[in-house]
Structure formats: C-alpha cells, structure tokens
Amino acid sequence: MNNKITKVIFPVAGLGTRFLPATKAIPKEMLPIIDKPLIQYAVEEARGAGIEDFIFVVGDLNQALLEAHFGENKTLNATLADRQKTNELKRVNEASILAPNIHFCTQDQPLGLGHAVWCARDFIDAGESFAVILPDDLIQATPGCLSQMMKVWQDRGGNVVAVEDVPREMTNRYGILDVTEDDGRIATACGLVEKPDPAAAPSTLSIIGRYILDGRVFDHLDKQQTGAGGEIQLTDAISKTIEDVAFHGLRFDGLRFDCGSMAGFVEANVAFALAQKDQESDVRARLKRHL
Ligand code: UTP
C-alpha cells in the first residue's frame, strides 16, 4: 500500500440553493468566513495534511473565480507594494502559494456528490487512494481534520471518513454508519445508509464532509446508480466497497461548522472572529447587543 495521499478532490459544482440569491453569481465556496473564502480554509487544511494536487470539480461559475483567488494578481501586488501594505500583500500571496498544482474538471449537471467525485476520476491513478473535502463543512482544528484522518489511514488503510454524532431526528440529512465496533474515537462500520429515516437509522453516527477513499469506489460510481433524492450518492458507492475495503469513521478533535446552512454559516463567522485576538473584544461587545 502506498502510504501517502497526495490528491484531494473538492466537489464545488452544487447549486447552493439554501444561499440563493447570494449563490446566484458567487459560488458557495467563495463565500467568506471573516476575511477568507470557505475554499481557502479547505485548501489550507489539505495542504497541512501534505496534499500536493488540488482538483476542483466545478460548474459554470467557479473556475474563473478559483483561478483568480489562487493565482497571482500582479496589479494588486504592485499597488499594495507601492503603498507599503506589507501585511496585506503577504495575506494576498498566501492564497497563491498554497495551491500551486490546481486542476479543474466540469460537472455539467449537479447530479449528486457521487457523480461530482466521479467527474474527477481521470486525475486519480489506478489503485490510488485520495481525499475528498466538502468546503462548506468548515472544521476548526489543530492539527487539521484531514491530518488527523491521515494518521488513521496510515495505521489502518481502507476508507476513512470524519464522523459526528447527530441527534436521531437529524439522521435523514446525513450518511449514517452501521457500526460494528466503536472505541469512542474510531468506529468500524459494516454498512452505510444515505439519509435514513430516524426510526430506521442503524446509528446516529453521521459522515461529514471529509473522506479518504480507496480508488475502488470508482468501480461503483462508474455504474451511475441513483439513490436518495434521485442523486448519485457517494455513500452508496462507498457502501458497496465495504466488503473488500475496511471502513473507519474518525471522531476528530475539533469543531465543525455546517456552512451550507444559515445558522452554521453565522456560527462559523462568530467563532472565527472570536478566534482573532485583535477582533475578539469588539465582536464580543457587539454580539451582546443581540443576545
Ligand atoms: P450540498 O449537499 O450542500 O448541495 O453539497 P449544494 O448544491 O451545495 O447546496 P444546497 O443543498 O442546494 O443548498 C455538498 C457539496 O457537494 C457539492 C457542492 O458544491 C458542495 O460542495 N456538489 C453537490 C457537487 O459538486 N455536485 C453535486 O451534484 C452536488
């Protein structure tokens, strides 16, 4: 087994309907949490985990914006340098240094997360394992969530996903594990169910937007079978590999914010503002007016 993962797929071709009209012209991954777009946090996390190739699965809006964000803006750099805005210049350049090897592929229609990952199949070599990050699941953690997952993968191989316990009434929003062993940190599963009704859910342990996947998942994604909601689901394809590929869920150390939902997006902004020393007291005082 190769003991290094060097590629990450960012599926960002969804419609982001919960944030319309904001996401009509600005893709969801470009929405900022304080001063950085969601996608930059995701790329930073991947970089911190040793990722070298960053593959974006895009719709029709995203590519130009992502290239602009992660590329170099010579005019802006020159202006900032002229005005001796050294700190700003450094911050702007952080994004371009982060992801030197970026690649794009297109998902013509948002047919589901499984389909989006399948669209990136040509970037993954036969037998290669790879990471998938959903940037709207923002995770505040040190070390980063993907780094924590890499350690589990290096020990155990197979598929590794990040998991969280959710209230039973919310199982119908997530991929849920059918758990065989659980030591409180790492759970082993013998099956996965996408969006089960609470009464039928095999557990309350849900997959969140971080995956390390064995390349055999493409054998099943190739079949393009639809599942819950009429979409091609990634969890369905993973669950079909489970007899041949070990499956582990990691309860990572850190806080996850569901930035695809309004409340999660607001919470993430508050949490990241409070984490900035120069903003904390001002933000805290202003929040008091509302709480
Ligand atoms: P979501 O399930 O949050 O869907 O996708 P969405 O379209 O982004 O948002 P809503 O639910 O309509 O508000 C999770 C991630 O999977 C990507 C999305 O871009 C997001 O990063 N995705 C989803 C795709 O790339 N293609 C798809 O067909 C579906």
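Counting convention: from 1, in listed order, for ligands and their atoms alike. Heavy atoms only: backbone and side chains are in, while hydrogens, waters and symmetry mates are out.
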Could you state the interatomic distance from CG (Leu134) to CZ (Arg210), rounded to the nearest 0.5 Å? 7.0 Å
Do any N/O atoms on Gly260 end up under 3.5 angstrom from N/O atoms on ligand 1? no
Test side chain to side chain contact (heavy atoms under 4.5 Å, CB included) applied to Lys36 - qualifying residues, sequence neighbours left out: Gln40, Tyr41, Glu44, Arg91
Distance-only, no hydrogens or angles: does the Thr171 side chain make a donor-acceptor pair with backbone N or O of Pro196 under 3.5 Å? yes
Looking at Leu15, which atoms of ligand 1 are within less than 4.0 Å of one of its heavy atoms? 7 (O)
Among protein heavy atoms, which sits nearest to atom 2 (O) of ligand 1, and what does the distance come to when rounded to 0.1 Å? Arg18 NH2, 4.4 Å
Gln225 versus Asp236, side-chain donor and acceptor atoms under 3.5 Å: no
So how far is it from Glu88 CD to Asn77 CG, rounded to the nearest 0.5 Å? 12.0 Å
I want to know if ligand 1 touches Gly14 in the polar sense, i.e. an N/O pair below 3.5 angstrom. yes
Purely on distance, is any nitrogen or oxygen of Pro11 under 3.5 Å from one on ligand 1? yes
Please could you name the atoms of ligand 1 that Ala13 approaches to less than 4.0 Å, counting only its heavy atoms? 19 (O), 24 (C), 25 (O), 26 (N)
What residues form a salt bridge (charged side-chain N to carboxylate O under 4.0 Å, His left out) with Asp53, not counting sequence neighbours? none
Top protein contact for atom 28 (O) of ligand 1, by heavy-atom distance: Gly112 N, 2.8 Å
I'd like to check whether Leu111 has a polar contact with ligand 1, where a contact means an N/O of the residue lying under 3.5 Å from an N/O of the ligand. yes
Element-labelled atoms of ligand 1 that are located less than 4.0 Å from some non-hydrogen atom of Leu113: 16 (O), 29 (C)
Please find out if less than 6.0 Å separates the ring center of Phe265 from that of Phe19. yes
State whether the shortest distance between N or O atoms of Gln109 and N or O atoms of ligand 1 falls below 3.5 angstrom. no
Would you please determine whether Val12 falls within less than 4.0 Å of ligand 1 on a heavy-atom basis? yes
Using a 4.0 Å cut-off to any heavy atom of Ala116, which atoms of ligand 1 qualify? 24 (C), 25 (O), 26 (N)
With atoms numbered from 1 as shown, which atoms in ligand 1 lie under 4.0 angstrom from a non-hydrogen atom of Thr17? 9 (O), 10 (P), 12 (O), 13 (O)
What I want to find out is whether Glu52 reaches Lys4 closely enough, with some N-O distance under 4.0 Å, to be called a salt bridge. yes
min-distance protein heavy atom vs atom 14 (C) of ligand 1 -> Asp136 OD2, 3.9 Å
Between Lys240 and Asp219 (salt bridge meaning N to carboxylate O under 4.0 Å), is one present in this structure? no
Counting only heavy atoms, tell me which of Gln107, Glu231, Gln233 gets closest to atom 26 (N) of ligand 1. Gln107
Within ligand 1, which atoms have a heavy atom of Lys28 less than 4.0 Å away? 3 (O), 6 (P), 8 (O), 9 (O)
Contact (N/O only, under 3.5 Å) between Phe19 and ligand 1: no
Aromatic ring pairing Phe218/Phe130, orientation class (parallel under 30°, perpendicular over 60°, tilted between): parallel
By number and element, which atoms of ligand 1 are closer than 4.0 Å to a non-hydrogen atom of Pro110? 28 (O)
Over all heavy atoms of both residues, which pair between Thr241 and Asn159 is shortest? Give the atoms and the distance, please. OG1-ND2, 3.4 Å
